[in-house]
Amino acid sequence: KMRLDKFLKVSRILKRRTVAAEACEKGKVNVNGKEGKPGTKLKIGDTVTIEFGTSSLKFKVLDLNEKAGKAEAGLMYEIIA
């Protein structure tokens, strides 16, 4: 399991962990349909939705690699249309 804020940073969906934590606290992140807090524990198979102003990004968690580099970051999730 990995914290939601850490996953968003390591997977490079959001640039910084503080930005990820802020998005969670403002209610812009949902995990499996429920509001996600920065400390929410993610597991493989979870569906996460992030609101960006007028658009949103929905993805499925595929991997929880805490030390993912740039090359592996994109393999940690799959975007859902």
Side-chain angles (χ1 to χ4, degrees):
K1 293 186 173 184
M2 187 190 295
R3 286 176 55 103
L4 177 57
D5 57 351
K6 185 167 187 177
F7 179 88
L8 292 172
K9 181 207 174 280
V10 174
S11 65
R12 297 172 189 251
I13 290 170
L14 295 173
K15 287 191 188 297
R16 289 188 302 279
R17 196 163 172 178
T18 50
V19 173
E22 221 172 81
C24 294
E25 284 160 9
K26 289 182 177 174
K28 295 182 183 285
V29 185
N30 286 322
V31 179
N32 298 326
K34 296 186 190 126
E35 194 174 311
K37 297 290 178 204
T40 299
K41 297 288 187 191
L42 285 184
K43 52 194 183 304
I44 291 170
D46 282 349
T47 303
V48 181
T49 309
I50 307 175
E51 301 293 328
F52 294 103
T54 57
S55 64
S56 65
L57 172 70
K58 187 175 184 181
F59 62 89
K60 184 177 178 182
V61 177
L62 300 179
D63 189 18
L64 297 172
N65 180 358
E66 293 200 17
K67 293 175 175 57
K70 200 179 236 181
E72 298 102 16
L75 303 173
M76 292 178 68
Y77 60 94
E78 171 186 52
I79 294 182
I80 302 168

Colleague: Heavy atoms only: give me the nearest Ala20-Leu14 pair and the separation to one decimal.
Modeller: CA-CD1, 3.6 Å
Colleague: Where do Ile13 and Phe7 come nearest, in terms of heavy atoms and distance?
Modeller: CD1-CE2, 4.2 Å
Colleague: Identify the heavy atoms of Asp46 and Lys41 that sit nearest to each other, and give their distance.
Modeller: OD2-O, 4.1 Å
Colleague: To the nearest 0.5 Å, what is the distance between CD (Glu22) and CG (Asp5)?
Modeller: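 Between Glu22 CD and Asp5 CG, I get 12.0 Å after rounding to 0.5 Å.
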Colleague: Can you confirm whether Leu64 sits close enough to Ile44 that some side-chain heavy atom of one is under 4.5 Å from a side-chain heavy atom of the other?
Modeller: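 With C-beta onward as the side chain, the pair touches.
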Colleague: Enter the distance from Ile80:CD1 to Lys60:NZ here, rounded to the nearest 0.5 Å.
Modeller: 7.0 Å
Colleague: Are side-chain heavy atoms of Val48 and Val61 found at a separation under 4.5 Å?
Modeller: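 The answer is yes; the side chains approach within 4.5 Å.
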Colleague: Is any side-chain heavy atom of Leu57 closer than 4.5 Å to a side-chain heavy atom of Ile79?
Modeller: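 They are in contact (side-chain heavy atoms under 4.5 Å apart), so the answer is yes.
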Colleague: List the atom of Arg17, the atom of Arg3, and the distance in Å for their closest heavy-atom pair.
Modeller: NH2-NE, 3.3 Å
Colleague: With heavy-atom distances below 4.5 Å as the criterion, would you say the side chains of Ile50 and Leu8 are in contact?
Modeller: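 Result yes, sub-4.5 Å side-chain heavy-atom pair found.
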Colleague: I need the Thr40 OG1 to Lys34 NZ distance, nearest 0.5 Å.
Modeller: 10.0 Å
Colleague: Identify the two heavy atoms, one from Met76 and one from Ala68, that lie closest to each other, and give their separation to 0.1 Å.
Modeller: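 That would be SD-CB, 3.6 Å.
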Colleague: Got Leu4 and Val31 here, is their nearest side-chain heavy-atom distance under 4.5 Å?
Modeller: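 Yes, side chains in contact.
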Colleague: Which heavy-atom pair separates Cys24 from Glu35 by the least distance, and what is that distance?
Modeller: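 Closest approach of Cys24 to Glu35: O-OE2, 4.4 Å.
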Colleague: Walk me through whether Thr47 and Lys58 qualify under side chain to side chain contact (heavy atoms under 4.5 Å, CB included).
Modeller: CA-CA 7 Å; Thr47 303; Lys58 187 175 184 181; 3.4 Å; yes
Colleague: Check whether any side-chain heavy atom of Lys15 sits under 4.5 Å from a side-chain heavy atom of Lys9, and report yes or no.
Modeller: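 Counting from C-beta outward, Lys15 and Lys9 never come under 4.5 Å.
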Colleague: Checking Glu72 side chain against Gly69 main chain: does a donor-acceptor pair fall under 3.5 Å?
Modeller: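 Yes, because the side chain of Glu72 sits within donor-acceptor range (under 3.5 Å) of the backbone of Gly69.
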